[in-house]
Amino acid sequence: MKIVIAPDSFKGSLTAGAVADGIAKAFQDVWAEAHRQDLQLVQVPMADGGEGTVESLVAATGGRLERISVCGPRRSQVETVYGVLGDGETAVLEVANICGLPMLAENEKDPEETTSYGLGEAMRAALDAGYRRFIIGLGGSACNDGGLGMLQALGAVFLDASGRPVEPTGRGVATVAEVRLNRLDARLAESDICIASDVDNPLCGPGGASVVFGPQKGATHEQVERLDKALARYAEMVEQAHREYRAAAPGLEEGFARRPGAGAAGGLGFALQILGGRMASGAQLIAETAGLPQALCGADWAITGEGRSDAQTLRGKLPVLVARMAREAGVRPVLLSASLGDGWDLLRTEFVSLSAITRAPMTLAEALAETDTLLYRAAWNLARILEATSR
């Protein structure tokens with residue numbers, strides 16, 4: 001029996017590689033207990049633009065990591081990395097390890113205080129190193145500043161009503177009165193920017209960055225309303241400045257704020273498209289780079305999962321992509337996630353089965369502390385079922 005193990009990370013607890021290892025160990029143990037030698041496991045750790053994107057793409061292409069120090073989500077310096085792919089020409093960055101939610105303690109989560117400034121610093125470091133091709137993964141961000149911080153770090157000027165620079169945070173967005181893009185780093189015009197996103201939300205409105213993702217970043221109901229209103233006004237000013245900066249830019253009539261993915265990473269999708277970036281499915285990009293289609297050839301089952309599977313999983317998340325690629329290859333897909341949230345039942349048509357690893361009611365802290373054990377037990381039970389049905 002050939003089984004492809006292609007999970008995303010379990011955010012805040014296990015990397016995609018660790019999840020794949022845990023599932024593989026359970027299957028190996030079950031097959032050993034049954035004294036069978038016909039098990040072929042192929043591990044393809046995945047990501048969809050969020051946590052693990054750099055790790056997955058660097059590993060898949062034989063690339064390397066470059067260490068840098070940048071501004072973190074709460075404006076203190078953090079040590080992190082960006083990747084250089086095996087082609088030696090492409091820099092890959094992810095917001096999850098620069099201004100990511102996993103970098104903050106629960107009491108530090110506040111989208112009015114967080115910033116994307118560090119992403120701009122990381123891009124500038126890669127530009128200084130000579131790179132002009134970028135893949136930027138947008139999942140897992142802690143910020144909701146519409147890319148204000150990133151754009152400031154790259155040279156854009158944002159002034160308040162008194163003519164002073166605004167602070168590069170979600171709170172600062174509401175104080176923007178003037179935008180100047182003519183001081184953006186000129187090297188950006190020479191660059192190719194691929195935006196690897198796991199969502200297709202617009203910037204503002206009921207399906208936008210603040211309303212959909214603000215609460216998980218610590219926003220109260222009042223903050224969500226303030227942030228959404230501020231981003232709408234900010235977007236109008238940024239787009240007007242862009243029209244003045246690049247008068248002949250194509251597609252302006254559509255409005256960057258309404259484009260799919262503009263709301264990714266608290267509006268970084270919007271700002272990166274202003275810089276000329278093009279949206280791409282992070283899951284599709286990583287799946288193809290990591291060789292998932294080839295791995296699925298001749299397989300019987302494909303096991304995937306993520307930290308939390310819910311209705312949002314249908315909007316570009318990795319497990320659904322893995323399931324659809326598996327079915328196209330004649331392979332049966334199974335979902336094994338850390339948890340199942342509201343709307344998980346909408347995923348029933350995508351998978352043969354859907355399971356969460358938790359074994360009883362428990363707090364998030366308890367689940368995080370036991371993730372290794374919980375994953376092994378759930379994978380062991382799944383392995384027992386598949387082994388029994390394959391006799």
Side-chain angles (χ1 to χ4, degrees), residues 1-34 36-48 50-65 81 83 94 96-97 102 137 139-140 283 286-287 289-292 294-296 299-309 317-319 321-323 325-326 331-339 351 353-359 366-387:
M1 178 179 288
K2 179 180 178 181
I3 299 173
V4 176
I5 305 172
D8 200 347
S9 64
F10 285 7
K11 189 178 298 183
S13 54
L14 296 177
T15 66
V19 175
D21 287 342
I23 295 172
K25 177 66 165 58
F27 272 79
Q28 290 163 351
D29 289 349
V30 166
W31 253 252
E33 291 166 8
R36 293 181 59 175
Q37 305 295 322
D38 62 338
L39 179 65
Q40 179 186 358
L41 298 175
V42 180
Q43 295 179 224
V44 189
M46 300 288 290
D48 57 13
E51 187 178 22
T53 294
V54 168
E55 175 188 355
S56 295
L57 289 175
V58 166
T61 63
R64 67 180 189 277
L65 299 176
V81 296
E94 65 180 61
N97 69 10
I286 293 168
T289 304
L292 181 61
Q294 293 81 4
L296 288 168
D300 299 287
W301 295 90
I303 303 173
T304 188
E306 60 187 335
R308 179 184 177 88
S309 294
K317 297 286 188 177
L318 180 132
L321 175 79
V322 173
M325 292 180 73
V331 180
R332 291 164 289 185
V334 173
L335 181 76
L336 182 61
S337 290
S339 64
F351 298 92
S353 72
L354 302 97
S355 302
I357 67 173
T358 48
R359 54 179 169 75
E366 290 171 336
L368 290 173
E370 297 182 45
T371 304
D372 284 321
T373 301
L374 294 170
L375 174 64
Y376 178 84
R377 288 175 177 171
W380 186 87
N381 282 327
L382 176 60
R384 291 269 293 180
I385 294 170
L386 297 192
E387 189 278 328

Would you name the heavy atoms of Ala20 and Pro7 that are closest together and state the gap between them? N-CG, 3.8 Å
Judged by atom type as modelled, is there a donor-acceptor pair below 3.5 Å linking the side chain of Asp300 to the main-chain atoms of Ile3? no
In Å and rounded to the nearest 0.5 Å, what is the NZ to CG distance from Lys2 to Leu39? 12.0 Å
Once you round to the nearest 0.5 Å, how far does CD of Glu94 lie from CD of Glu55? 8.5 Å
Ion pair Asp29/Lys25, N-O distance below 4.0 Å: yes
Between Ala295 and Val44, which heavy-atom pair has the shortest distance, and what is it? CB-CG2, 3.9 Å
Within the structure provided, determine whether Phe27 and Met1 are in side-chain contact (heavy-atom separation under 4.5 Å). no
May I ask you to test the Leu336-Leu375 pair for a side-chain heavy-atom distance under 4.5 Å? yes
Glu306-Ser309 side chain donor-acceptor pair, cut-off 3.5 Å: yes
Under 3.5 Å, is there a donor-acceptor pair between the side chain of Ser13 and the main chain of Ala369? no
Quick check for you: to the nearest 0.5 Å, what is the distance between Trp31 atom CH2 and Gln40 atom CD? 12.5 Å
Quick one: CD1 on Ile286 to CG on Asp48, what's the gap to the nearest 0.5 Å? 6.5 Å
Closest approach of Ala96 and Gly139, non-hydrogen atoms and distance? CB-O, 3.6 Å
Heavy-atom closest pair (Pro102 atom, Gly140 atom, distance to 0.1 Å) is CD-O, 3.7 Å
Interatomic spacing from CZ in Arg377 to CD in Glu370 - rounded to 0.5 Å: 7.0 Å
Ala24 to Gln43 - nearest heavy-atom pair and separation: CB-OE1, 3.3 Å
Is there a side-chain contact between Thr304 and Leu335, using heavy atoms and a 4.5 Å cut-off? yes
Between Leu292 and Val4, is any pair of side-chain heavy atoms under 4.5 Å apart? yes
Within this structure, what is the OG-CG distance for the pair Ser353 and Leu386, rounded to the nearest 0.5 Å? 8.0 Å
For Ala283 and Leu318, the nearest pair of non-hydrogen atoms, with its separation, is CB-CA, 3.8 Å
